[in-house]
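All remarks here apply to the structure that follows.
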Amino acid sequence: VQLQASGGGLVQAGGSLTLSCAASGFTYSNYALGWFRQAPGKEREFVAATTWSGGSSYYADSVKGRFTISRNNAENTGYLQMNSLEPDDTAEYYCAARRAFTAQAVGLVRLDYDYWGRGTQVTVSS
């Protein structure tokens, strides 16, 4: 089982980045997808999540309207499109997968998730 986040980097405030999460070793389409982030000295926090089909999505208030989560089950890949980035978005970003048994199942907290990938660093300069 492997999840690999990529696409992080250094960007100026107001800029955009798209993170990718490549999954392998399990039936990705049976899992809800989540993105979390962790800034230095802070707890890992929820950013966004989507159901196994991508039909429903949820966002932290701090990113609502700026970030968009999506997935391509045919390619076993998830995405986090981040626009209007702010210095407070600076963090290590992690993707995670949760076994879903219903179409609406999704996880909003860390303990909901079964698999985690290594993070990708996003740095937003002011």
Side-chain angles (χ1 to χ4, degrees):
V1 172
Q2 187 172 13
L3 288 171
Q4 180 61 58
S6 62
L10 174 64
V11 63
Q12 288 188 330
S16 298
L17 280 175
T18 299
L19 305 184
S20 298
C21 176
S24 61
F26 62 103
T27 306
Y28 179 66
S29 58
N30 288 345
Y31 285 72
L33 170 68
W35 285 94
F36 289 74
R37 66 187 181 186
Q38 188 166 15
K42 294 188 176 181
E43 295 285 322
R44 191 172 298 186
E45 63 175 5
F46 169 77
V47 174
T50 190
T51 54
W52 64 18
S53 68
S56 296
S57 299
Y58 303 84
Y59 298 91
D61 287 344
S62 58
V63 307
K64 204 171 292 184
R66 300 187 297 122
F67 290 12
T68 302
I69 188 171
S70 62
R71 63 190 297 162
N72 183 331
N73 287 345
E75 296 185 356
N76 289 349
T77 304
Y79 302 95
L80 185 68
Q81 171 69 43
M82 306 185 296
N83 298 326
S84 302
L85 283 161
E86 304 168 354
D88 283 349
D89 295 319
T90 295
E92 189 87 1
Y93 282 72
Y94 300 87
C95 60
R98 178 194 184 187
R99 182 67 171 94
F101 296 95
T102 66
Q104 294 305 313
V106 69
L108 302 181
V109 298
R110 289 183 63 178
L111 290 178
D112 287 338
Y113 286 86
D114 302 300
Y115 303 132
W116 289 84
R118 292 187 177 181
T120 185
Q121 177 67 35
V122 172
T123 303
V124 184
S125 63
S126 57

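Quick caveat, the model's predicted, so the values are computed rather than measured.
Hydrophobic clustering places Tyr94 together with Leu108 (ILVMFWY residues linked when any side-chain heavy atoms are closer than 4.5 Å, directly or through intermediates).
Considering all non-hydrogen atoms of both residues, Ala32 and Ala105 come closest at CB-O, 3.6 Å. Shown here for Ala13 and Pro87, the closest heavy-atom pair between the two residues is CB-CD, 4.1 Å. Nearest approach of Asn73 to Ser29, heavy atoms of both residues: ND2-CB, 3.8 Å. Across all non-hydrogen atoms, the minimal contact from Ala49 to Val106 is CB-CG2, 3.4 Å. Across Leu10 and Ser125, no two heavy atoms sit closer than the pair CD1-CB, 4.4 Å.
Around atom NZ of Lys42, no more than 12 heavy atoms belonging to other residues, nucleotides or ligands sit under 6.0 Å away.
Between atom SG of residue Cys21 and atom CZ of residue Arg71 there is a gap of 9.0 Å, rounded to the nearest 0.5 Å. Cys95 contributes atom SG, which lies 10.0 Å from atom CG of Leu80 (distance to the nearest 0.5 angstrom). Summarising the geometry, atom CH2 belonging to Trp116 is positioned 12.0 Å from atom CZ belonging to Arg98; distances are rounded to the nearest 0.5 Å.
If you check the side chains of Asn83 and Ser16, you find a donor sitting under 3.5 Å from an acceptor. Side-chain contact of Gln104 with Ser56: a donor-acceptor pair under 3.5 Å is present, judged by distance alone. Checking Gln81 against Thr18 by side-chain atom types alone, a donor-acceptor pair falls below 3.5 Å.
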Step by step, would you call Glu86 with Arg66 a side-chain contact (heavy atoms from CB on, under 4.5 Å)?
CA-CA 10 Å; Glu86 304 168 354; Arg66 300 187 297 122; 3.8 Å; yes
Take Trp52 and Tyr28, measure what ring pair (Phe, Tyr, Trp, His ring centres under 6.0 Å) needs, and give me the verdict at the end.
CA-CA 8 Å; Trp52 64 18; Tyr28 179 66; over 10 Å; no
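Separation of the Phe36 and Tyr113 ring centroids falls under the 6.0 Å cut-off.
Taking 4.5 Å as the limit, every side-chain heavy atom of Thr123 sits out of range of all side-chain heavy atoms of Val11. Proximity of Leu33 to Ile69: side-chain heavy atoms (C-beta onward) are separated by under 4.5 Å at one or more points. You'll find the side chain of Val47 reaches within 4.5 Å of the side chain of Phe67, heavy atoms only. Residues Tyr93 and Met82 form a side-chain contact, since some pair of their non-hydrogen atoms from C-beta on lies under 4.5 Å apart.
A cation-pi contact, defined as under 6.0 Å to the ring centre and within 45° of the axis, is absent between Arg110 and Phe46.
Remark: Glu45 pairs with Arg37 by the salt bridge (Lys or Arg N to Asp or Glu O under 4.0 Å) rule, at least two apart or across chains. The ring-ring contact (aromatic ring centres under 6.0 Å, His included) search around Tyr31 returns Phe26, Tyr115, not counting sequence neighbours.
The closest donor-acceptor contact from the side chain of Asp89 to the backbone of Leu85 lies at 3.5 Å or more, if one exists at all. Remark: side-chain polar atoms of Ser62 are not paired, donor with acceptor, to backbone N or O of Ala60 under 3.5 angstrom. With hydrogens and angles ignored, the 3.5 Å screen pairs a side-chain donor or acceptor of Thr90 with a backbone N or O of Val124. A donor-acceptor pair under 3.5 Å is formed between the side chain of Arg99 and the backbone N or O of Asn30.
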